[in-house]
Protein chains: 2
Amino acid sequence: MQDKITKLFKAIADPTRRDIFHALVITSTALSITQISNQFEMTRQGVTKHIKTLADAGLVSINTQGRERFCNAEPKALQDVNKWLKFYEQFWDDKLRDLGNYLNSKDA
Amino acid sequence: MQDKITKLFKAIADPTRRDIFHALVITSTALSITQISNQFEMTRQGVTKHIKTLADAGLVSINTQGRERFCNAEPKALQDVNKWLKFYEQFWDDKLRDLGNYLNSKDA
DNA sequence: TTAATATGCAACTTTATGGTTGCTAAATTA
DNA sequence: TAATTTAGCAACCATAAAGTTGCATATTAA
């Protein structure tokens with residue numbers, strides 16, 4: 001199907017999902033599906049779908065208790081994004097270095 | 001339409017686009033559309049579409065010279081992704097800190 | 001000037017995505 | 001036990017996205 005990093009990127013590429021994820025991160029307590037949906041202008045089923053996508057990407061964990069399903073954010077999953085970024089970071093640093101060299105040569 | 005950060009996330013959410021971007025990053029010279037498409041099992045027009053998406057997200061800059069259009073990667077655009085990540089980094093750090101506290105309490 | 005090259009644009013197809021409605025089932029509460 | 005609450009599942013819809021083919025156009029080379 002889809003590789004892990006793509007799932008992760010696609011999960012956070014949707015603004016609504018970023019909002020849901022954010023809401024979960026800043027809440028210390030786990031939230032049930034209904035509690036989450038109440039915070040959004042969308043049907044519960046719509047929210048459920050997004051949560052499934054987030055869970056598939058490892059960004060949310062779900063704990064079932066009775067008829068309720070409590071969701072928790074798993075920000076650590078974002079470390080893979082960070083790892084991906086790290087490689088390219090060296091190139092934007094290089095550009096800064098190049099700019100520095102350029103400015104120095106102008107001064108001289 | 002779509003906000004900047006969403007465009008950026010969507011651009012890198014596609015594996016082909018990540019490949020194109022990567023190819024441009026690791027090449028010191030700018031590449032024409034044709035040169036890029038030759039590296040992919042896809043029509044030139046397909047690649048062109050991806051490049052347009054990358055350019056819209058600020059990840060690629062295009063320099064027209066005669067009938068050719070030379071593309072350059074702009075890894076610096078990824079700094080916005082980094083900025084977005086930064087906020088959540090503190091939460092995965094918190095988790096590590098919590099784990100540290102837990103281990104310490106076990107030692108005592 | 002004719003031929004070849006590099007490219008963009010438009011239309012089209014297929015599949016994915018975001019979201020909805022309607023229904024069912026399992027827990028809980030009265 | 002009956003009513004309510006929490007949630008999943010399936011079907012459906014509209015739109016976006018990935019990729020294709022075909023054609024027009026501008027630049028460059030013969």
Side-chain angles (χ1 to χ4, degrees), chain A residues 1-24 27 29-73, chain B residues 1-24 27 29-73:
Chain A
M1 192 251 193
Q2 245 174 202
D3 61 295
K4 210 178 150 194
I5 192 77
T6 300
K7 272 202 249 182
L8 198 48
F9 278 131
K10 291 218 165 159
I12 59 176
D14 182 84
T16 306
R17 274 194 296 268
R18 284 201 304 278
D19 286 349
I20 293 175
F21 177 69
H22 190 85
L24 285 172
T27 313
T29 68
L31 297 177
S32 73
I33 303 280
T34 308
Q35 285 174 320
I36 298 167
S37 358
N38 287 341
Q39 300 184 36
F40 293 87
E41 299 277 308
M42 195 188 300
T43 60
R44 177 180 51 79
Q45 288 88 336
V47 171
T48 297
K49 273 194 170 185
H50 282 307
I51 289 172
K52 192 169 165 19
T53 304
L54 288 166
D56 281 353
L59 287 162
V60 161
S61 63
I62 302 174
N63 193 277
T64 304
Q65 243 164 293
R67 67 185 160 185
E68 287 170 294
R69 303 186 72 212
F70 292 100
C71 303
N72 244 308
Chain B
M1 192 250 194
Q2 246 174 199
D3 59 296
K4 210 179 151 193
I5 192 77
T6 300
K7 272 203 250 182
L8 198 48
F9 278 131
K10 292 220 163 157
I12 59 178
D14 183 85
T16 306
R17 271 192 300 264
R18 284 201 304 280
D19 287 348
I20 293 174
F21 177 69
H22 190 85
L24 285 173
T27 313
T29 67
L31 297 176
S32 73
I33 303 280
T34 308
Q35 285 174 321
I36 298 168
S37 359
N38 287 341
Q39 302 185 34
F40 292 88
E41 298 277 308
M42 194 186 303
T43 59
R44 177 182 50 81
Q45 287 88 338
V47 171
T48 298
K49 272 194 171 187
H50 282 307
I51 289 173
K52 192 170 163 19
T53 304
L54 288 166
D56 280 353
L59 287 161
V60 162
S61 61
I62 302 173
N63 194 278
T64 304
Q65 244 166 292
R67 64 183 161 187
E68 287 171 294
R69 302 185 71 210
F70 292 99
C71 304
N72 246 307

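A, B, ... follow the sequence lines: proteins, then strands. Residue 1 opens every chain. Computed from a predicted structure; not experimentally measured.
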I need the [atom1]-[atom2] distance between [X] and [N], as an integer number of Å.
X      : N       : atom1 : atom2 : answer
L31(B) : dT7(C)  : CG    : C1'   : 16 Å
I62(A) : dA7(D)  : CD1   : C1'   : 11 Å
N38(B) : dT5(C)  : CG    : P     : 13 Å
Q65(A) : dA27(C) : CD    : C1'   : 13 Å
I36(A) : dT6(D)  : CD1   : P     : 13 Å
D19(B) : dA18(D) : CG    : P     : 13 Å
L54(B) : dA17(D) : CG    : P     : 14 Å
I33(A) : dA27(C) : CD1   : C1'   : 16 Å

Side chains of Q39(B) and V47(B), heavy atoms from C-beta outward: is any pair under 4.5 Å?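 No, their side chains stay 4.5 Å or more apart.
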Can you find a heavy atom in the side chain of I20(B) that is under 4.5 Å from one in the side chain of F40(B)?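 I20(B) vs F40(B): side chains touch.
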Look up atom [atom1] in [X] and atom [atom2] in [Y], then write down how far apart they are to the nearest 0.5 Å.
X      : Y      : atom1 : atom2 : value
T16(A) : K49(A) : OG1   : NZ    : 13.0 Å
L24(B) : F70(B) : CG    : CZ    : 12.5 Å
E68(B) : L31(B) : CD    : CG    : 11.0 Å
I51(B) : I33(B) : CD1   : CD1   : 4.0 Å

B/S/- along nucleotides 13-26 of chain C (protein heavy atoms under 4.0 Å) is ----SBBBBB----
DNA chain C: K52(B) or G66(A), which has the more 5' nearest nucleotide?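 Residue closer to the 5' terminus by nearest nucleotide: K52(B).
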